[in-house]
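In what follows, chains carry the letters A, B, and so on, assigned in the order in which the sequence lines appear, proteins first and then strands, with residues in each chain numbered from 1.
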Number of protein chains: 2
Amino acid sequence: MAATDAVVGSGIKGVTRASGAGAISPGATAAAGRPRSEQTHRAILDATLALLSEVGFAALTVEGVASRAGVGKATIYRRWASKLPLVVEAFDGLPGFEETDTGTLAGDLKAMLSGYLKNFLATPLATVYPSLAAERSHNPALGEVLDPVLVGRRRPLDAALERAVARGEIAADTDLEMASDLIVGPIAVRLFFRGARIHPAMVDDMVELALHGIKRASPTTAAADESTGKR
Amino acid sequence: MAATDAVVGSGIKGVTRASGAGAISPGATAAAGRPRSEQTHRAILDATLALLSEVGFAALTVEGVASRAGVGKATIYRRWASKLPLVVEAFDGLPGFEETDTGTLAGDLKAMLSGYLKNFLATPLATVYPSLAAERSHNPALGEVLDPVLVGRRRPLDAALERAVARGEIAADTDLEMASDLIVGPIAVRLFFRGARIHPAMVDDMVELALHGIKRASPTTAAADESTGKR
DNA sequence: ATAGAATCGAGACGTATAGTATCGTAATCT
DNA sequence: AGATTACGATACTATACGTCTCGATTCTAT
């Protein structure tokens with residue numbers, strides 16, 4: 001009899017983490033027997049990232065991860081119910097926006113977005129993004145695992161918007177969630193849906209357009225408009 | 001000897017259409033033998049759409065389409081190299097933006113976007129969108145088949161922007177491609193990446209935000225600002 | 001009319017991956 | 001020391017892919 005080994009979590013369609021021997025708050029069920037190796041955990045996540053870079057999400061197989069990490073398949077399934085939550089957890093460790101405070105909203109956004117573009121969006125790893133988006137639409141349960149990660153990743157952007165409100169740079173009643181979508185949206189669409197590339201210089205124009213709107217989209221004006229509240 | 005049957009196209013990784021007995025301009029190679037049934041063609045596309053609605057892109061199988069359409073698998077593979085170009089062609093027949101000319105850019109955008117939201121984005125079929133986006137990032141060849149379709153679908157939106165330029169409503173040197181991304185981007189991100197819903201009333205606010213920019217995001221002002229070039 | 005060619009639906013076939021189950025072994029807790 | 005659990009490895013079932021073959025059908029060319 002192979003005893004217990006693992007009881008898969010509450011997950012619908014294998015999206016949630018399997019069981020949690022990891023960083024659970026003390027006082028939980030006292031585990032007996034051999035504990036799960038944190039080293040193995042990392043090896044699996046590293047192998048996942050490596051393969052994501054090399055072959056992409058679609059071609060990523062659990063067997064491939066297992067063999068790359070030098071572990072058995074069961075060891076992976078014991079921790080993650082499927083490749084989805086595994087990828088989400090690996091994704092969570094990837095570089096995000098670099099917190100930046102230049103004093104102006106335009107400055108913050110341009111700095112953070114161009115940095116993110118260079119450090120992440122321009123790498124093969126960026127393709128996980130649309131892949132996870134596609135999966136979530138078929139599997140709503142994935143959202144519950146993915147959303148906290150996404151919110152966390154966009155946090156520096158939201159912080160910049162909040163600073164702009166505090167500074168009086170933008171209206172106090174601005175819908176920040178919508179504003180955040182307006183900044184990130186065009187980039188995501190261009191990159192992932194349309195499959196076009198984004199030249200670093202283009203980021204500045206996109207930020208200006210989002211800040212001043214289509215009705216004022218005059219490149220010359222926008223370029224000359226440096227932090228002046230003018231008009 | 002099973003004669004010729006089909007020569008798969010130039011496609012990398014089976015993305016392009018297989019062969020083209022369909023609507024080819026006359027004067028081409030005189031085809032001998034039994035012609036492909038246009039009726040069968042439609043039955044396959046219809047079955048594809050039905051299954052896309054029911055099970056989504058990820059769970060869509062060629063075998064499933066074949067059995068639903070009452071055709072053999074080979075009949076499908078003879079026309080499409082894989083499920084990707086099949087879905088793209090089916091996708092192409094789906095409802096898009098309804099050409100609308102209200103006289104103002106804001107009016108056009110609000111009408112077309114809310115209509116599109118209701119007729120397509122709110123249906124299960126909308127999930128093909130992120131799925132195709134994900135696939136294209138792993139398979140660049142898909143872009144060549146998908147891009148013309150996407151461009152065509154966004155055409156009414158671009159036309160509205162062009163009318164606005166002609167009217168003098170927005171600057172003549174506006175980057176329309178970028179403007180188009182700015183309008184569509186937030187909706188796509190919210191819907192597909194963040195998995196959030198979009199209330200019909202929200203569309204108007206999103207349009208206003210895109211038109212006037214974050215720096216002027218004052219709902220009261222935006223709402224009162226009807227076509228006046230004021231400010 | 002007849003021969004040739006390419007289609008049709010059906011389904012067998014080999015390959016690949018998913019996810020489960022079962023080894024014997026190793027590590028840790030009580 | 002003994003119970004308990006994780007470990008790597010691998011066998012297993014099930015599903016889908018994409019190819020291929022079959023006999024039958026439907027068209028063109030002669």
Original post:
Can you check the A:E135 CD to C:dA18 C1' distance for me, whole Å?
Top reply: 14 Å

Original post:
How long is the line joining CG of B:L86 and P of D:dC17, in whole Å?
Top reply: 11 Å

**OP:** State whether B:F91 and B:R153 meet the cation-pi test: NZ (Lys) or CZ (Arg) under 6.0 Å from the six-membered ring centroid, and within 45° of the perpendicular axis.
**Re:** yes

Subject >> A:P35 side chain, from C-beta outward: closest of C:dT28, D:dC17, C:dT17 >> reply: C:dT28

**OP:** Could you point out which residue of B:V145, B:L84, B:V149 forms a side-chain contact (heavy atoms from CB on, under 4.5 Å) with B:L132?
**Re:** B:L84

Subject >> A:Y77 OH - D:dG8 P separation (whole Å) >> reply: 15 Å

**OP:** Can you tell me the distance, in whole Å, between the CG atom of A:L60 and the P atom of C:dA16?
**Re:** 17 Å

Original post:
Does the D:dA6 base have a donor-acceptor partner in the side chain of A:R36 within less than 3.5 Å?
Top reply: no

Subject >> For atom CD of A:E38 and atom C1' of C:dA27, their distance in whole Å >> reply: 16 Å

Subject >> Closest approach of A:T127 to A:P124 (non-hydrogen atoms, all atoms of both residues) >> reply: OG1-O, 2.9 Å

Original post:
Between the side-chain atoms of A:R34 and the base atoms of D:dA6, is any donor-acceptor pair under 3.5 Å?
Top reply: yes

Original post:
Do A:K83 and A:E63 meet the salt-bridge criterion of a basic N to acidic O distance under 4.0 Å?
Top reply: no

Could you list, one pair per line, each protein nitrogen or oxygen that sits under 3.5 Å from a nitrogen or oxygen of nucleotides 9-15 of chain C, together with the distance?
from: C:dG9; atom 1: OP2; to: B:T75; atom 2: OG1; distance (Å): 2.7

Subject >> Whole-Å distance separating the CH2 atom of B:W80 from the C1' atom of D:dG18 >> reply: 16 Å

Original post:
Using 4.0 Å as the upper bound for N to carboxylate O, is an ion pair formed by A:R79 and A:E89?
Top reply: no

Original post:
Please give, in whole Å, the distance from C:dT17 P to A:F57 CZ?
Top reply: 15 Å

Subject >> Pairs meeting criterion side chain to side chain donor-acceptor pair (under 3.5 Å) with involvement of residues 179-198 of chain B, two or more places apart >> reply: A:E177-B:R190, A:E177-B:R194, A:D181-B:R194, A:R194-B:D181, B:R154-B:S180, B:R154-B:D181, B:D158-B:S180

**OP:** Taking only Lys NZ, Arg NE, NH1 and NH2, and the carboxylate oxygens of Asp or Glu, determine whether B:K110 and B:E208 approach each other closer than 4.0 Å.
**Re:** yes

Original post:
Atom CG of A:L84 to atom C1' of C:dA18: distance rounded to whole Å?
Top reply: 13 Å

